[in-house]
Amino acid sequence: MRLPTERLPPWHRLAALAPLAAVCFYAPLAYGGTTPWTQGVVDWLLVHGFVLWLVVLAYERRRPRTPLPPLAALALLAVLGLLHATNPKSVF
C-alpha cells in the first residue's frame with residue numbers, strides 16, 4: 001500500500017511552486033495588487049518563485065521543456081513589446 005506522500009513531487013519542486021501558490025492566495029485579498037505596497041509584495045513573490053524555479057532547473061541540470069505554440073506566442077509578445085519600446089509616442 002502506498003502512502004499519499006509518495007505521489008508528491010520532490011521537495012525542491014514544491015518549494016519552487018510555493019511562492020506562486022502564495023500569490024494566487026494573496027492577490028485577491030490584496031485587492032488585486034492595486035496599491036503600490038501590494039504591487040511590491042506580489043512582484044516580490046513572483047520574482048522569488050521565478051528565481052526558485054531557476055534554482056530547481058540548475059539543481060536538476062535540465063532545461064525547461066516548452067511546446068512550440070507557447071514559445072511562438074512568447075516571441076510575438078516580445079516583438080510587440082520591442083516595437084512599443086522603440087516608438088514611445090503618446091497623444092493627449
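Positions are given from 1 along the sequence.
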To check you understand the geometry: which heavy-atom pair defines the closest contact between [X] and [Y], and what is its length?
X     : Y     : value
Pro19 : Leu45 : CB-O, 3.4 Å
Thr38 : Ala30 : CG2-CB, 3.5 Å
Pro28 : Cys24 : CD-O, 3.4 Å

CZ (Arg63) with more than 12 external heavy atoms under 6.0 Å: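 At most 12 heavy atoms, drawn from other residues, nucleotides or ligands, come within 6.0 Å of this atom.
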
Trp53 and Leu20, any side-chain heavy atoms less than 4.5 Å apart: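 No, their side chains stay 4.5 Å or more apart.
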
Joint cluster assignment, [X] & [Y], ILVMFWY side-chain distance < 4.5 Å:
X     : Y     : result
Tyr31 : Phe25 : no
Phe50 : Val47 : no
Val41 : Val23 : yes

Interatomic distance, His84 atom NE2 to Leu77 atom CG [nearest 0.5 angstrom]: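 These two atoms lie 10.0 Å from each other.
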
